[in-house]
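Single-structure report; data block below.
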Amino acid sequence: MKVVPLQKKEKVLGKVYGKRRYDLPLNNNENTRFLVILIALMSFLATLGLSGFFTLGAMAERWTSGLKNNLTLEIPAETKEGRLLSAEEMTSLTQAAVSILSSYPAVESHTVMSREDIQKLVEPWLGEGTLSAAAFPLPGLISVKTKPGTERKSLEALTEKIHSAVAGARLDTHESWLRDVLRFTGALQFAATLLLATIALTTIIAVAGAVNARLSVHRADVELLHLMGATDRYISRQFQRHALLLGLAGSAAGVAAGSLGLLAIGWMTGEMDVNLLPQHRLSLPQIISTATTPLIIALLAVMAARQTVLQALAKMP
Amino acid sequence: MKVVPLQKKEKVLGKVYGKRRYDLPLNNNENTRFLVILIALMSFLATLGLSGFFTLGAMAERWTSGLKNNLTLEIPAETKEGRLLSAEEMTSLTQAAVSILSSYPAVESHTVMSREDIQKLVEPWLGEGTLSAAAFPLPGLISVKTKPGTERKSLEALTEKIHSAVAGARLDTHESWLRDVLRFTGALQFAATLLLATIALTTIIAVAGAVNARLSVHRADVELLHLMGATDRYISRQFQRHALLLGLAGSAAGVAAGSLGLLAIGWMTGEMDVNLLPQHRLSLPQIISTATTPLIIALLAVMAARQTVLQALAKMP
Amino acid sequence: MIRFEHVGLRYGIGPEVLSDINFTLAPGSFHFLTGPSGAGKTSLMNLMYLGRLPTRGLVTMFGQNINKMKREDMVAIRQRIGVVFQDFRLLNHMSTFDNVALPLRIVGKPEKEIQSNVSELLEWVGLGEHMNVLPNTMSGGQQQRIAIARAVVTRPRLLLADEPTGNLDDEIGERLLSLFEQLNRMGTTLVIATHNQMLMDKFPHPRLILSKGILTIEESKFNLRKKLEGLF
Amino acid sequence: MIRFEHVGLRYGIGPEVLSDINFTLAPGSFHFLTGPSGAGKTSLMNLMYLGRLPTRGLVTMFGQNINKMKREDMVAIRQRIGVVFQDFRLLNHMSTFDNVALPLRIVGKPEKEIQSNVSELLEWVGLGEHMNVLPNTMSGGQQQRIAIARAVVTRPRLLLADEPTGNLDDEIGERLLSLFEQLNRMGTTLVIATHNQMLMDKFPHPRLILSKGILTIEESKFNLRKKLEGLF
Ligand SMILES: Nc1ncnc2c1ncn2[C@@H]1O[C@H](COP(=O)(O)OP(=O)(O)OP(=O)(O)O)[C@@H](O)[C@H]1O
Ligand SMILES: Nc1ncnc2c1ncn2[C@@H]1O[C@H](COP(=O)(O)OP(=O)(O)OP(=O)(O)O)[C@@H](O)[C@H]1O
Ligand SMILES: [Mg+2]
Ligand SMILES: [Mg+2]
């Protein structure tokens with residue numbers, strides 16, 4: 001990573017933020033470099049962490065959205081005793097189930113699956129065209145879509161209703177699969193959150209630490225300025241400007257590097273089947289939060305600096 | 001996080017490492033605290049990152065181990081023209097395929113799947129007992145296990161051989177699914193590696209930065225000791241001891257916190273189905289690398305300190 | 001200008017360094033401050049430039065009671081005081097010129113005025129050739145002269161100099177004392193802490209003598225001699 | 001003991017501060033080093049305590065050629081030299097006692113010996129009550145006395161003191177000079193840089209006079225007077 005040439009940037013930003021040079025040797029110290037790199041590394045991690053967080057959210061959403069409000073109602077092709085049902089019997093049972101579904105308020109829509117639909121469903125497991133020709137009995141499958149926010153209780157009531165009308169019918173809510181996926185992505189998101197929190201903490205501590213170090217190194221000089229009649233604002237402004245520049249330079253570099261890292265990861269996973277990763281990887285909140293990271297970090301830095309300096313000055317009469 | 005009381009620890013470790021107190025005010029500076037916290041945070045992240053890396057590796061291993069050397073050979077139940085094959089025809093085709101497989105060197109074992117096996121395969125999609133009763137024709141499925149390290153070329157040759165003997169046979173290598181899973185976990189592992197590298201870099205930079213800062217703050221004092229006739233070893237030893245204590249204290253705290261974090265994540269995912277996460281979450285390499293993290297970080301710190309100090313001293317006559 | 005009434009000072013929980021100091025300095029006066037090492041000269045100066053507040057007693061500066069003053073008003077007072085610190089306190093990262101220019105920049109003087117004023121003053125103290133040099137590459141005496149230049153560049157109403165000639169040979173020492181005299185004639189009140197008996201003897205200024213926390217004022221022997229001469 | 005032959009020194013790309021310095025100091029000798037401010041007294045001392053290497057010429061210390069010396073041997077030589085720096089250079093984070101004890105600790109003296117030696121010396125320079133105090137809470141003169149105590153505590157073979165009385169009143173100044181004389185009588189070679197004419201006049205030691213980068217040696221007027229007295 002290239003270290004941002006601070007001195008030069010300062011000239012530019014100095015014009016914007018206040019034209020005077022430093023009375024304290026804040027800018028030409030070796031430490032500055034380390035702090036900038038540190039902030040850059042943290043911003044880099046923050047970018048990755050943020051992206052990971054959002055991607056995991058989208059993944060969970062995608063994996064479960066297909067299942068969440070979808071049920072499958074299955075009408076077996078044989079009785080409990082093993083007798084095959086005739087086509088007419090199947091049709092009447094299906095009709096009964098459909099009429100219950102149609103009148104049930106929590107059901108948004110339902111579709112009786114055709115032979116072809118079922119064929120598609122088992123294709124990955126049994127191979128193409130397996131069932132197409134033979135006229136053998138298949139279970140009746142009805143795909144059911146419930147209204148968003150439907151409660152488990154309501155589903156249980158539905159199950160009972162159908163059971164009493166259609167013996168042996170099964171309502172598959174995909175629950176165990178859903179639970180697993182949500183737990184898994186939830187754990188990953190928790191890790192990402194931990195990462196982000198750690199990064200924020202590290203940044204604040206690094207900046208506060210650096211300002212504190214500067215201040216203790218230059219305490220005598222700060223006191224001298226104070227004794228010469230410099231106002232508190234005059235002195236703290238110098239530290240604030242310093243912190244602003246460090247924060248901006250470091251975090252901009254870090255976020256840039258982080259975005260490159262994301263591109264690399266994206267490229268690695270880019271040709272993957274869309275089954276696993278969501279397609280829209282840059283959501284609006286993600287873009288906004290990534291773009292504002294440097295600003296937030298710079299702001300944190302400035303506030304830490306201001307607070308530290310004013311506190312120290314307040315101790316002098 | 002509680003900051004480790006350095007002064008006290010120093011008394012203990014001072015006895016081990018060398019009994020004299022510091023000639024330079026390395027221990028009672030405010031910065032020390034910040035550096036310890038920083039190292040702790042980095043070790044915390046390193047613990048999580050390491051664990052993530054290993055877990056992902058185990059996950060990929062587990063997800064793919066079942067598929068990697070397994071093929072499925074499918075013999076369709078009907079001809080291209082749609083004519084159903086008789087049971088005899090199926091048997092002879094199966095026999096032909098089996099004899100090829102038996103003589104092929106890359107094939108370790110093969111099993112002709114029974115009706116019940118196939119039933120189990122489609123169960124999650126079509127429901128229990130769907131196919132059990134009806135005596136309708138099913139495709140012939142042969143599960144094939146190849147020797148580890150079998151090349152793609154050899155598989156292609158096998159495919160051709162079977163094609164020529166059994167018209168319409170299909171050899172499913174599960175490749176697309178495998179590729180997806182490996183890409184996905186590979187991308188995550190890449191992210192974890194990035195994280196670990198960033199952490200290592202951050203730690204080195206933070207320590208080198210801190211030692212540099214100390215040194216520039218105390219340059220006059222170091223020069224004074226030098227002029228009084230102190231040897232280079234005498235001076236650098238003080239910085240090394242300081243770095244060792246900081247590194248150990250910080251990273252021990254960080255790894256402890258990281259382990260707690262892992263426990264929390266483990267607890268969150270603990271009740272999950274074993275399908276997604278591997279069961280043996282603490283592998284030996286993981287335990288070793290986690291336990292040695294503090295030592296490595298402390299060593300890094302000591303070396304950074306030593307190098308920095310001796311370099312500065314070499315400039316004085 | 002300066003008025004101390006029953007002023008006492010102690011550092012932390014230590015003994016009283018100054019106890020019951022009473023004196024008044026008229027505007028435009030010139031005093032030496034002397035006394036044995038450790039008597040409290042620097043401490044007394046510290047009170048005068050508002051570096052510390054007394055632990056007891058009343059300090060009046062420029063007619064205002066320090067104890068009741070607001071923080072902002074102290075800034076204004078400090079800007080009217082020039083100080084030569086015993087240990088110089090130069091900023092080692094900026095040039096001699098910038099060090100001397102600093103008090104002017106703090107009060108926001110135009111850069112043009114600063115350029116000419118500072119250059120002229122540095123020539124005068126014999127550092128014209130060292131303007132762009134960092135203080136820590138200068139000799140002890142040169143640094144002391146920078147410190148003096150920085151203290152007088154604002155033409156302060158009050159000038160406090162702590163041992164300003166400790167590192168200077170007698171010739172330069174006298175030269176700088178004459179600069180102080182000149183400032184005094186233009187209205188600056190001066191207090192100069194020194195151990196240098198010879199120096200004090202050359203100037204007809206009264207002495208504040210500090211000993212065991214108590215201050216006494218003594219007319220200069222120079223003056224006494226003149227008075228005696230007038231008598232006979 | 002010390003021998004300079006055609007020694008020159010320049011800082012960075014600046015002008016030569018010292019040019020063609022030639023002198024020899026015999027073991028056990030006592031010299032004052034004087035000259036105007038900025039003449040190079042501190043720089044010359046810097047060469048003598050191996051703080052810098054000359055840019056040209058030959059320096060021989062304790063019979064060894066500095067230019068050809070190994071790093072380890074320099075350490076041994078430095079341990080035999082005591083230095084009073086013009087700006088004291090005390091360690092502000094440790095007590096007066098520890099500051100003075102430091103050179104003894106560096107050479108690994110037993111702690112018991114250190115305790116008694118340091119305490120006694122501090123009593124002698126009038127800082128017995130300030131042993132456990134940090135230097136930056138002390139007056140200028142007190143700090144200077146700590147610096148002197150630290151320089152003499154090892155009974156060095158060579159003692160270099162740069163303006164050791166700049167912050168001291170005449171009484172304490174003379175007291176310390178007598179300490180130096182005592183060391184000298186016990187075999188220590190001394191070089192004392194000072195501007196203080198009065199002080200030099202009181203002691204019968206030759207003077208190294210530095211001016212424009214050149215060193216000349218002048219017998220003390222004190223000695224001359226004695227010689228003259230002897231003549232007539
Ligand atoms: N910051 C401080 N904290 C505690 N004690 C202090 C502090 N500054 C000075 N003292 C003590 O106050 C006393 C007076 O010190 P001060 O510096 O005022 O003396 P001084 O008259 O200027 O002496 P000198 O002539 O040696 O400079 C000394 O005993 C010193 O130890
Ligand atoms: N570190 C340095 N870098 C560059 N120039 C220096 C350095 N130290 C001293 N000088 C220059 O060398 C010259 C001699 O300085 P030095 O300190 O030796 O004089 P001095 O005789 O001790 O003066 P004083 O009596 O004022 O202490 C001065 O002009 C000074 O600017
Ligand atoms: Mg003083
Ligand atoms: Mg000097």
Side-chain angles (χ1 to χ4, degrees), chain A residues 6-7 10-11 14-15 17-33 35 210-211 213-243 245-246 306-307 309-317, chain C residues 9 45-55 59 61 66-67 69-85 87-95 97-109 111 114 134-136 147 150-151 153-154 156-158 160 162:
Chain A
L6 255 193
Q7 255 81 6
E10 246 149 48
K11 267 189 197 155
K15 292 242 164 71
Y17 194 77
K19 61 189 182 305
R20 303 234 296 100
R21 77 282 149 263
Y22 292 112
D23 293 338
L24 301 168
L26 297 175
N27 49 342
N28 53 3
N29 196 299
E30 287 230 321
N31 291 34
T32 299
R33 204 189 339 145
L35 187 61
V211 171
R214 278 283 167 300
L215 203 62
S216 71
V217 171
H218 303 301
R219 189 170 303 276
D221 295 348
V222 167
E223 195 185 326
L224 179 72
L225 288 177
H226 178 69
L227 290 179
M228 278 179 166
T231 59
D232 293 355
R233 233 182 76 75
Y234 179 97
I235 297 169
S236 85
R237 209 168 48 201
Q238 308 206 10
F239 282 90
Q240 281 164 236
R241 198 190 334 161
H242 174 61
L245 289 170
L246 287 186
R306 187 185 149 77
Q307 207 46 38
V309 174
L310 289 185
Q311 251 169 31
L313 283 172
K315 281 182 201 138
M316 303 174 191
Chain C
L9 174 69
M45 291 220 154
N46 216 318
L47 293 179
M48 290 196 258
Y49 60 72
L50 309 189
R52 278 180 183 275
L53 299 180
T55 34
V59 174
M61 304 282 300
I66 288 297
N67 306 54
M69 203 178 285
K70 275 183 290 178
R71 213 174 150 76
E72 303 87 74
D73 298 333
M74 285 200 184
V75 170
I77 289 207
R78 286 199 188 93
Q79 292 181 350
R80 282 187 271 172
I81 304 177
V83 186
V84 182
F85 296 96
D87 49 0
F88 315 156
R89 300 214 195 168
L90 302 174
L91 295 171
N92 279 321
H93 63 279
M94 51 168 78
S95 69
F97 182 94
D98 285 336
N99 263 284
V100 177
L102 188 56
L104 296 175
R105 287 184 171 142
I106 284 177
V107 298
K109 277 262 152 51
E111 201 59 28
I114 292 177
L134 297 183
N136 58 0
R150 185 180 65 184
V153 73
T154 53
R157 301 271 306 277
L158 171 65
L160 306 168
D162 200 349

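This one's a predicted model, so the numbers in the text were calculated from it and none came from an experiment. Here is how names work: the chains are called A, B, and so on, in the same order as the sequence lines, proteins then strands, and each is numbered from 1.
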- Which value, rounded to the nearest 0.5 Å, describes the distance between C:M94 atom CE and A:D221 atom CG? 8.5 Å

- Message: Taking the side chain as everything from C-beta on, heavy atoms only, tell me whether A:L227 gets closer than 4.5 Å to C:V83.
- Response: no

- To the nearest 0.5 Å, atom NE2 of A:H218 lies from atom CG of C:L91 at 10.0 Å

- Item | Pairwise distance CZ(C:R78) to CG(A:L225) - rounded to 0.5 angstrom | 12.0 Å

- Message: Taking side chain as everything from C-beta outward and backbone as N, CA, C, O, which of these in C:R52 sits under 4.5 Å from a heavy atom of chain A? Side chain, backbone, both or neither.
- Response: backbone

- What are the two closest heavy atoms between C:L53 and A:P317, and how far apart are they? CG-CB, 3.8 Å

- Item | Other residues, nucleotides, ligands: >12 heavy atoms within 6.0 Å of A:R306 CZ | no

- Task: Answer whether the closest heavy-atom distance between the side chains of C:R71 and A:L313 falls below 4.5 Å.
- Result: yes

- Would you give the length of the straight line joining atom CZ of C:R105 to atom CE of A:M228, rounded to the nearest 0.5 angstrom? 12.0 Å

